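Reading through the structure tokens given below for one structure.
Residue numbers begin at 1 in each chain, while the letters A, B, ... track the order of the sequences. Here the structure is a predicted model, which means the values were calculated and not measured.
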Amino acid sequence: MTIGGEGTVRVRIAPSPTGYFHVGTARTALYNWCLARAAGGAFIVRIEDTDRERHQEEQYEGILSALRWLGIDWDDGPYRQSERSALYDIVLDALWDASHLYACDCSREAVVARTKGNATPGYDGYCRARGLERGPGRALRFRVPDDGVTVVHDLIRGDVEFANRTIEDFVVAKSNGDALFVLAVVADDRDMRITHVLRAEEHLPTTPKAVLIWEALNETAGRVPLPAFAHLPLLVNAKRQKISKRRDRVAIEDYRAQGFLPEAMANYLALLGWSFPDGREFFTPADLVEAFRLEDVNHSPAFFDEQKLLHFNGVYIRALPLEEFTARCRHWAQETGGLDVSVLSSPEWGVLAPLVQERVGVLGDVGGYVGFLFDETFAVEDESFEKAVRRDEEAPAILFEVRERFGGAASFEAAGLKQALEEVAELHQRRLGKAQAPVRVATLGRTVGLPLFESLEVLGQARVLDRIDRALERLGGGAD
RNA sequence: GCCCCCAUCGUCUAGUGGCCUAGGACGCCACCCUUUCAAGGUGGUAGCACGGGUUCGAAUCCCGUUGGGGGUGCCA
């Protein structure tokens, strides 16, 4: 059996390399991929780089690496529209020969001038009857029927009707001869026998144009069944606007660099516009493939909520076996340089890892939790020092007494250290939680962080005593 | 302006005419646990945009209004 052969599902993702790979594109890719996997069909990657001036070559690899990172594999491609212009020329010729196209030499300014004040929007078809020949400097426009209705059958929204008179004679080829995306898409979708076109809602208004071209080609270039369309709800920002590369943080690459797990990202993304039939929120890609149905996709825009994504990521991180957690950290550290990898193979890490794992939201948080281990970067936070040490009248005494006991400790391990601090706490009639604050800030640098005694144990006696001394000095010297 | 889409807690959603005094999740608040912070546990806050219909009965169907969004490029 051929993968995605005749009669099976064939879908594609068609990103354009004009910026970083977008979370919205990722979700579209994911749903497409689900459709293909569920049906044993084919998922195709096709880079839409028909606009040579706009596309950024470095984004080409970025798209593919983002897809791979998310675990979205493809069966065919990646194709690049920039390498398929021969196909578009053939399609253009067929359309031209059947009089579906006409040449137009109106400048942009001329079009604007002609259009202003017209009842029907867009180009008024001035060149329709001028009988211009094709040639350099002349764009090619599609002759849209004056009457009738073009219907887009949408699997999510039902039939959407567009009166033909509201569709202008749109350009399908630039005056330099290059095909425009609406033409290239149809040519490719026909050529690749795409059965389902799943894309963001923003494309809905241009879909009737694609339908018109497709039907015209069916008359002249051989019949290929129209694909089923499905327009996914937009992903929006907090202001309910379509998330954009300029305004919002949308790059998959950013989230990856920050230490989000791909499985958490994919899981969260799947939930934007769709929900699992039994209401569960956590599921594997295999579960998703099995349960996903296009008809269940929502109609309304969804807010990309980083807070909820962060929660998902935390859940996924905590679910990792400890070894795997460390492996992920190492991988992330190597990739981003966000953390000294040697830490991860140190004995200290062996003790701290489980404590870190249950606290981080993203892998990028790890450094903040283990930073106290590095003398080069260790510094007591001023704000924390003020709050927990300077403003605590008993802090000097507590630090002094703790230092006495820690200094005399035969073995420097968590249980003993805790006991020592408990004794000091009792002397000051404080709960342990209150008594440990000055010590925590003096030794770990912040009021919040990993459990104190385990941290002190791995820090070691010498460094702990030294840091307490430094805090006492700072108190003495800086006593206003 | 014109074309198109959309409308349940702040957010993501369940809900497809009676099971809804509308369920879950994130967030937020409180309490519990507790060596800080997290995590975990318990409880709480908060919503069917509005107006007409249809129906014995409407969050669910129809119409309108309002609101939001997308498109309107020789971009994708």
Side-chain angles (χ1 to χ4, degrees), chain A residues 14-18 48-51 53-55 81 104 106-108 111 115 117-122 138-141 152 154 157 160-163 165-168 170-178 180-182 184-185 199-208 231 233-234 236 238-242 268 271-282 298-305 307-312 314-315 318 355-361 365 369 388 414 417-418 421-422 425 431-437 439-441 444 446-455:
Chain A
S16 77
T18 53
E48 312 245 293
D49 55 354
T50 49
D51 191 330
E53 287 167 23
R54 243 165 240 271
H55 96 260
Q81 290 192 324
C104 171
C106 295
S107 66
R108 185 184 171 75
V111 171
T115 306
N118 282 356
T120 17
R138 288 173 182 173
L140 256 28
R141 287 183 181 273
V152 174
D154 189 296
R157 290 157 210 278
V160 182
E161 298 188 351
F162 297 83
R165 60 172 171 74
T166 66
I167 304 170
E168 67 173 327
F170 54 93
V171 175
V172 293
K174 297 192 203 183
S175 48
N176 68 5
D178 285 355
L180 244 20
F181 115 102
V182 64
V185 166
R199 51 186 358 176
E201 192 201 322
E202 61 194 295
H203 292 281
L204 186 48
T206 67
T207 304
H231 290 92
L234 249 24
V236 298
K239 285 153 72 183
R240 312 295 310 172
Q241 292 165 318
K242 173 173 95 164
Y268 175 69
L271 253 9
L272 259 22
W274 179 83
S275 61
F276 212 90
D278 66 4
R280 104 178 85 138
E281 292 200 296
F282 293 94
N298 283 166
H299 298 186
S300 38
F303 171 58
F304 185 84
D305 187 354
Q307 272 195 90
K308 189 156 183 176
L309 171 63
L310 193 59
H311 172 257
F312 269 59
V315 171
R318 275 173 254 125
L355 306 175
V356 173
Q357 184 181 15
E358 55 180 292
R359 285 171 175 76
V360 294
D365 289 343
Y369 277 104
L417 299 175
K418 182 181 180 191
L421 194 38
E422 275 168 349
R431 293 181 53 219
L432 187 55
K434 194 76 184 356
Q436 56 99 51
V439 181
R440 169 181 293 281
V441 171
L444 307 185
R446 302 193 299 187
T447 55
V448 301
L450 262 21
L452 181 63
F453 307 110
E454 288 79 355
S455 301

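Within the 3.5 Å criterion, the main-chain N or O of A:L450 finds no donor-acceptor partner in the side chain of A:R359. A:D178 places no side-chain N or O within 3.5 Å of a backbone atom of A:K174 that could act as its donor or acceptor partner. A donor-acceptor pair under 3.5 Å is formed between the side chain of A:T207 and the backbone N or O of A:H203. Counting only distance, with no hydrogens or angles, the side chain of A:Y268 and the backbone of A:D305 share a donor-acceptor pair below 3.5 Å. A:D154 contributes a side-chain N or O that, together with a main-chain N or O of A:H231, makes up a donor-acceptor pair within less than 3.5 Å. Here the side chain of A:D278 pairs a donor or acceptor atom with the backbone of A:R280 at under 3.5 angstrom. Counting only distance, with no hydrogens or angles, the side chain of A:Q436 and the backbone of A:G433 share a donor-acceptor pair below 3.5 Å.
Across B:A58 and B:G18, the matching P atoms stand 12 Å from one another, rounded to whole Å. B:G71 and B:C75 have their C1' atoms separated by 13 Å, with the value rounded to a whole Å. Between B:C33 and B:G40, the distance separating the two C1' atoms is 8 Å to the nearest Å. Taking atom P in both B:G51 and B:A14, one finds a spacing of 25 Å when rounded to whole Å. Using P as the reference atom, B:C28 and B:C37 are 15 Å apart when rounded to the nearest Å. Rounded to whole Å, the separation between the P atoms of B:U60 and B:C6 comes to 16 Å. For the C1' atoms, the distance from B:C48 to B:U16 is 15 Å, rounded to whole Å. Nucleotides B:G24 and B:G15, compared at atom P, are 15 Å apart to the nearest Å.
In this structure, B:A76 makes no Watson-Crick or G-U wobble pair, since no nucleotide meets both defining distances under 3.5 angstrom. Nucleotide B:C61 forms a Watson-Crick or G-U wobble pair with B:G53, both donor-acceptor distances falling under 3.5 Å. Remark: B:C28 base-pairs with B:G44; criterion is Watson-Crick or G-U wobble with both hydrogen-bond distances under 3.5 Å. A 3.5 Å limit on both hydrogen-bonding distances identifies B:U66 as the Watson-Crick or G-U partner of B:A7. Under the Watson-Crick and G-U wobble criteria, each requiring two contacts below 3.5 Å, nucleotide B:C2 is paired to B:G71.
Rounded to a whole Å, the CD atom of A:Q357 is 18 Å from the P atom of B:A38. Remark: P of B:U11 and CZ of A:F312 are 17 Å apart, rounded to the nearest angstrom. Counting to the nearest Å, the P atom of B:U35 and the CG atom of A:L355 are 14 Å from each other. Rounded to whole angstrom, the span from the NE2 atom of A:H311 across to the P atom of B:G10 amounts to 20 Å. B:A7 atom P lies 9 Å from atom CZ of A:R157, rounded to whole Å. Between the P atom of B:C6 and the NE2 atom of A:H231 lies a distance of 12 Å, rounded to the nearest Å. Residue A:L204 contributes atom CG, which lies 11 Å from atom C1' of B:C6 at whole-angstrom precision. Between the CZ atom of A:R280 and the P atom of B:C26 there is a distance of 17 Å, rounded to whole Å.
For the pair A:H299 and B:C6, the criterion of a side-chain N or O lying under 4.0 Å from OP1 or OP2 is met. The phosphate of B:U36 (OP1 or OP2) has no side-chain N or O of A:T447 nearer than 4.0 angstrom. Taking side-chain N and O atoms only, A:N298 has no distance below 4.0 Å to OP1 or OP2 of B:C6.
A:F303 comes within 4.0 angstrom of the backbone, heavy atoms only, and of no base. Residue contacts shown for A:E422 are absent, as no nucleic acid heavy atom lies under 4.0 Å away. Within 4.0 Å (heavy atoms only), A:G279 reaches no atom of the nucleic acid at all. At the heavy-atom level, A:F170 lies nowhere under 4.0 Å from the strands shown. At a threshold of 4.0 angstrom between heavy atoms, the contacts of A:L452 include nucleobase atoms, whether or not backbone atoms are also involved. At the heavy-atom level, A:G314 lies nowhere under 4.0 Å from the strands shown.
Between A:E358 and A:K308, the residue whose closest nucleotide on RNA chain B is further toward the 5' end is A:K308. Nearer the 5' end of RNA chain B, as judged by each residue's closest nucleotide, is the contact made by A:S275, out of A:S275 and A:V360.
Checked by atom type, the side-chain pair A:R440/A:S455 shows no donor-acceptor distance below 3.5 Å.
A:F312 has its ring centre less than 6.0 Å from the ring centre of A:F282.
Picking from B:U35, B:C4, B:C26 the nucleotide with the shortest atom distance to the side chain of A:F162 gives B:C4.
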- request: I would like to know whether A:Q241 and A:V236 meet side chain to side chain contact (heavy atoms under 4.5 Å, CB included); could you show each step before the answer?
  value: CA-CA 5 Å; A:Q241 292 165 318; A:V236 298; 5.8 Å; no

Under 4.0 Å protein heavy-atom contacts per nucleotide of nucleotides 62-75 of chain B, with B for base, S for backbone only and - for none: ------SSBS-BBS

